[in-house]
Amino acid sequence: QVQLVESGGGSVQAGGSLTLSCAASGDTFRRNCMAWFRQAPGKEREGVATINIGGGRTYYADSVRGRFTVSQDNAKNTVYLQMNSLKPEDTAMYYCAARGWFCPTAIQPHPSDFASWGQGTQVTVSS
C-alpha cells in the first residue's frame, strides 16, 4: 500500500506563488509515477502534472505549462508542485496520486489510472 500526505495549500492573490508537497510512504513499486490532480467545485478532477520517479520525466497540462513545476526529492520520498503566476482559475482542491507503472509524457493523466490518493490540499487564488 501507499500513503500520500499533501501539504502547502493556502490562499494567495493572483500572480503569487505556492509550493505543494506530497510525502509518500509504502510500497515503492506502487509509486513509480506520481501525479498532481486538481478539482474545482462542480468540475471533474483534472490531471495537472506527472513525474516519473527516478528518471524525472514530466508531463504538464496546457493550462499550467510554463507556470507550474513538478519535482522530486527521493531522499525525502517527497514530490513537489511549485506553482507560480497563479490565477483565480487555479483555485481548486489539489490531490497527489501514485501508480505503479510509469506515466507517458504526452498524455494527460486520468484519475482512474491511479490507485493511491492523498487527502487533498486547498488552493485559493483571489483576483
Side-chain angles (χ1 to χ4, degrees):
Q1 291 188 352
V2 174
Q3 294 77 41
L4 304 173
V5 179
E6 302 100 331
S7 61
S11 297
V12 296
Q13 290 191 329
S17 299
L18 282 173
T19 299
L20 306 183
S21 300
C22 174
S25 60
D27 299 331
T28 55
F29 65 91
R30 297 182 189 274
R31 41 187 173 99
N32 284 312
C33 173
M34 301 289 290
W36 287 98
F37 288 82
R38 66 185 181 185
Q39 188 167 20
K43 294 189 176 182
E44 294 186 352
R45 193 165 293 191
E46 171 193 23
V48 172
T50 66
I51 185 166
N52 287 324
I53 301 302
R57 298 189 71 184
T58 58
Y59 161 88
Y60 296 97
D62 289 343
S63 57
V64 306
R65 187 175 295 114
R67 300 188 297 122
F68 290 12
T69 302
V70 60
S71 62
Q72 59 182 314
D73 184 334
N74 291 334
K76 297 182 179 180
N77 289 320
T78 300
V79 171
Y80 303 96
L81 186 67
Q82 173 70 43
M83 306 184 295
N84 298 326
S85 302
L86 283 162
K87 305 175 181 180
E89 51 263 44
D90 294 318
T91 295
M93 185 71 79
Y94 282 71
Y95 297 92
C96 178
R99 73 181 202 185
W101 63 100
F102 293 106
C103 289
T105 56
I107 300 175
Q108 186 172 28
H110 192 277
S112 63
D113 292 335
F114 290 79
S116 303
W117 292 86
Q119 81 288 352
T121 186
Q122 178 68 37
V123 172
T124 302
V125 185
S126 58
S127 57

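Note that the structure is a prediction, hence the values are computed from the model and not measured. The figures that follow rest on heavy atoms only: side chains count, while hydrogens, waters and symmetry mates do not.
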Would you sort out whether V123 and M83 count as a side chain to side chain contact (heavy atoms under 4.5 Å, CB included), showing the intermediate values?
CA-CA 10 Å; V123 172; M83 306 184 295; 3.8 Å; yes

Go through E46 and V64 one step at a time and tell me if the side chain to side chain contact (heavy atoms under 4.5 Å, CB included) criterion holds.
CA-CA 11 Å; E46 171 193 23; V64 306; over 6 Å; no

Assess the residue pair Q1 and Q3 against the criterion (side chain to side chain contact (heavy atoms under 4.5 Å, CB included)); give the C-alpha distance rounded to whole Å, side-chain angles, the decisive distance to 0.1 Å, and a yes or no.
CA-CA 7 Å; Q1 291 188 352; Q3 294 77 41; 3.7 Å; yes

Give the intermediate values and the outcome of side chain to side chain contact (heavy atoms under 4.5 Å, CB included) for residues Y60 and V70.
CA-CA 9 Å; Y60 296 97; V70 60; 3.4 Å; yes

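Residues T91 and R38 have side chains not in contact (no heavy-atom distance under 4.5 Å, counting atoms from C-beta outward). With contacts defined as side-chain heavy-atom distances shorter than 4.5 Å, the pair W117/C96 does not qualify.
For R45 and Y95, the positive end sits near the middle of the six-membered ring, less than 6.0 Å away and at most 45° from its axis.
In this structure, the separation between CD on E44 and CD on Q39 is 8.5 Å, given to the nearest 0.5 Å. How far CZ of R31 is from CG of N52: 14.0 Å, rounded to the nearest 0.5 Å. Summarising the geometry, atom CD belonging to Q108 is positioned 7.5 Å from atom OG belonging to S63; distances are rounded to the nearest 0.5 Å. Here CG of D90 is found 9.5 Å from OG of S85. Values are rounded to the nearest 0.5 Å. If you take OG on S71 and CE on M34, they are separated by 11.5 Å, rounding to the nearest 0.5 Å. Residue L20 holds its CG atom at 8.0 Å from CZ of F68, rounded to the nearest 0.5 Å.
Side-chain N or O atoms of D73 include one that pairs as donor or acceptor with a backbone N or O of K76 at under 3.5 Å. With hydrogens and angles ignored, the 3.5 Å screen pairs no side-chain donor or acceptor of T58 with any backbone N or O of I51. In terms of modelled atom types and a separation under 3.5 Å, the side chain of N32 and the main chain of G100 share a donor-acceptor contact. Not a single donor-acceptor pair under 3.5 Å links the side chain of Y80 to the backbone N or O of T69. No side-chain donor-acceptor contact under 3.5 Å links Q72 to the backbone of V79.
Using cut-offs of 30° and 60° for the angle between ring planes, the F114 and F37 rings count as perpendicular.
Dense packing is recorded around CD of Q119, with more than 12 heavy atoms of other residues, nucleotides or ligands lying under 6.0 Å away.
Connection of L4 to M93 is not established within any shared hydrophobic cluster, with ILVMFWY side chains joined at heavy-atom distances below 4.5 Å, either directly or through further cluster members.
The nearest pair of heavy atoms linking G9 to T121 is N-OG1, 3.1 Å. When every heavy atom of G47 is checked against every heavy atom of A61, the shortest pair comes out as O-CB, 3.5 Å. Closest of all the heavy-atom pairs between G8 and L18 is O-CD2, 3.9 Å. Across all their heavy atoms, A23 and T78 have their closest contact at CA-OG1, 4.0 Å. Nearest approach of R30 to V2, heavy atoms of both residues: CB-CG2, 3.4 Å. Scanning both residues, A40 and A92, for their nearest heavy atoms gives N-CB, 3.8 Å.
With 3.5 Å as the limit, one finds no donor-acceptor pair spanning the side chains of Q13 and S126.
Between D62 and R65, at least one side-chain N (NZ, or NE/NH1/NH2) sits under 4.0 Å from a carboxylate O, which counts as a salt bridge.
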